[in-house]
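In what follows, every heavy atom counts, from backbone to side chain, and hydrogens, waters and symmetry copies are set aside. Source: prediction; values computed, not measured.
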Amino acid sequence: MSENILEIKNIKRHYPVSNGMFSLSKATVKAVNGISLEVKEGETLGLVGESGCGKSTLARLLTGLEKPDDGNIKFKGKKLSDWTAKERSTMIQMVFQDPYSSLNPRQRIGKIISESMRIHKSGSKDEIQQRVEELLVQVGLRPEHHKRYPHEFSGGQRQRVAIARAIAMNPDLIICDEPVSALDVSVQAQVLNLLKSIQQKFGLSYVFISHDLSVVSHISDRVAVMYLGRLMEITSAEELYRNPHHPYTQTLLDAVPVPDPELQKDEIIISGDMPSPISPPAGCPFHPRCPKAMNICSQEQPKLKETAIGHKTACHLY
């Protein structure tokens, strides 16, 4: 069995919110509110949930761009905060959502990809140039593309450049923050297949963040479902689609479009919007919208516990 490359224990990240110049009360946005999980070597962990549930905040915590208010993150058995910023930048990289804003429009592609190599002085000028051209080939572009600017590429090609930049220093873990959501569906499949082939070639681990369960199922080994800063469910991708336990997961799966218009599904309908992360509801955070809510759901917060082999759920139904 593979070792854990990343271990997260009860991390929290709250942001203070100003209520006005003359207000005495201090509110906080509970973006990440007590999450524990692990990522194994060579594994892809999918992280799904509605917009505003805290997925991107968690991504910034995992890369060390932000520090948690509580809890701890271990990378390769060592606290993430104990690694230097230089060490973290070589071992953990990130692919961002928007390929149009994540690349500097004033720099040539070669300079963008080679920036980390030049900062870390990982070779001579000629060696770095050769490495850039090799990376371009690995992501499906041509070596001469290093002379071009980002505006000369399509969205899918730009995301390939972003992937080349991410793997330039041979990292162990890549955080993919909705890397295909801004791309056309046909291009999404190409980028997802590229990520999978790179993972197999270099033995990378991924945390793949998305709000699209159909995309997550294509690339993930396990899937964690997040709601209002907390984990609702975590299991293998196959098991999640075959036998979802949490009512929230069931509603997300019901929202996935089905290509057969004659296929009838017993959909679970939820009403209302996600509660504010400034004042999340007591008990289970999903209970105000849950069609299966019981009295205990509004009083006691369910713990994330094993409800089947390799399947954890935070729900009082189990």
Side-chain angles (χ1 to χ4, degrees), residues 44-52 55-66 89-90 92-119 128 131-171 173-202 204-220:
T44 298
L45 176 70
L47 187 65
V48 299
E50 294 176 83
S51 296
K55 304 187 299 295
S56 294
T57 299
L58 181 58
R60 291 194 295 273
L61 292 171
L62 298 184
T63 54
L65 295 175
E66 293 192 28
S89 67
T90 59
I92 305 174
Q93 280 292 319
M94 192 164 180
V95 177
F96 296 93
Q97 177 178 0
D98 186 2
Y100 292 92
S101 61
S102 63
L103 304 179
N104 189 333
R106 298 182 179 182
Q107 290 184 349
R108 296 182 190 271
I109 295 304
K111 189 173 182 180
I112 290 172
I113 295 174
S114 65
E115 182 175 13
S116 59
M117 293 184 278
R118 288 184 282 107
I119 290 173
I128 290 175
R131 172 68 172 155
V132 167
E133 293 179 3
E134 290 173 354
L135 288 167
L136 286 169
V137 172
Q138 287 173 358
V139 298
L141 298 174
R142 295 199 297 271
E144 60 268 24
H145 282 164
H146 72 89
K147 299 177 182 178
R148 295 187 179 182
Y149 288 93
H151 73 268
E152 299 179 72
F153 293 91
S154 66
Q157 289 174 321
R158 291 186 192 201
Q159 203 61 300
R160 290 173 184 268
V161 172
I163 293 169
R165 176 177 61 183
I167 64 174
M169 293 300 297
N170 298 312
L173 173 68
I174 295 182
I175 312 296
C176 303
D177 189 5
E178 305 219 33
V180 297
S181 63
L183 307 177
D184 293 339
V185 174
S186 59
V187 180
Q188 286 185 6
Q190 296 172 16
V191 174
L192 291 174
N193 290 334
L194 172 63
L195 287 169
K196 290 178 73 173
S197 66
I198 287 174
Q199 181 181 40
Q200 293 169 359
K201 184 173 182 178
F202 297 105
L204 296 170
S205 301
Y206 290 148
V207 174
F208 191 93
I209 298 170
S210 179
H211 62 273
D212 189 336
L213 272 167
S214 60
V215 168
V216 168
S217 68
H218 181 72
I219 195 169
S220 301

>> Name the residue from Val95, Val180, Leu194 that meets the side chain to side chain contact (heavy atoms under 4.5 Å, CB included) definition with Gln159.
In response: Val95
> For Gln107, which of Asn104, Leu103, Ile109 qualifies under side chain to side chain contact (heavy atoms under 4.5 Å, CB included)?
Replying inline: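 That would be Asn104.
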Pairwise distance [atom1]([X]) to [atom2]([Y]) - rounded to 0.5 angstrom:
X: Lys196; Y: Ile198; atom1: NZ; atom2: CD1; result: 13.0 Å
X: Glu115; Y: Arg165; atom1: CD; atom2: CZ; result: 8.0 Å
X: Leu62; Y: Thr57; atom1: CG; atom2: OG1; result: 10.5 Å
X: Glu133; Y: Gln138; atom1: CD; atom2: CD; result: 12.5 Å
X: Ile174; Y: Met94; atom1: CD1; atom2: CE; result: 11.5 Å
X: Leu173; Y: Tyr206; atom1: CG; atom2: OH; result: 10.0 Å

Is [Y] close to [X] at the side-chain level, that is, under 4.5 Å between some pair of heavy atoms?
X: Ile128; Y: Arg118; value: yes
X: Leu136; Y: Pro143; value: no
X: Leu183; Y: Pro99; value: yes
X: Ile167; Y: Lys201; value: no
X: Ile175; Y: Ile92; value: yes
X: Phe208; Y: Leu192; value: yes

> When you look at NZ of Lys111, are more than 12 heavy atoms from neighbouring residues, nucleotides or ligands closer to it than 6.0 Å?
Replying inline: no
> Are the side chain of Arg158 and the backbone of Pro150 linked by a donor-acceptor contact shorter than 3.5 Å?
Replying inline: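 Flag set: sc Arg158 to bb Pro150 pair under 3.5 Å.
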>> Treating Lys55 as the side-chain partner and Gly49 as the backbone partner, does any N or O pair qualify as donor plus acceptor under 3.5 Å?
In response: yes
> Hey, mind stepping through Arg148 and Val161 against side chain to side chain contact (heavy atoms under 4.5 Å, CB included) and telling me if it holds?
Replying inline: CA-CA 11 Å; Arg148 295 187 179 182; Val161 172; over 6 Å; no
>> Show every side-chain hydrogen bond (donor to acceptor under 3.5 Å, both in side chains) that has at least one partner inside residues 174-190, sequence neighbours left out.
In response: Ser56-Asp177, Gln97-Ser181, Glu178-His211
> How would you list all residue pairs meeting ring pair (Phe, Tyr, Trp, His ring centres under 6.0 Å) that involve residues 138-161, not counting sequence neighbours?
Replying inline: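 Residue pairs passing ring pair (Phe, Tyr, Trp, His ring centres under 6.0 Å), neighbours aside: His145-Phe153.
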> Does the side chain to side chain contact (heavy atoms under 4.5 Å, CB included) test come out yes or no for Val191 and Ile163, once each step is laid out?
Replying inline: CA-CA 9 Å; Val191 174; Ile163 293 169; 4.0 Å; yes
>> Just to verify, what does Glu66 make a side chain to side chain donor-acceptor pair (under 3.5 Å) with, not counting sequence neighbours?
In response: Arg13, Tyr15, Arg60
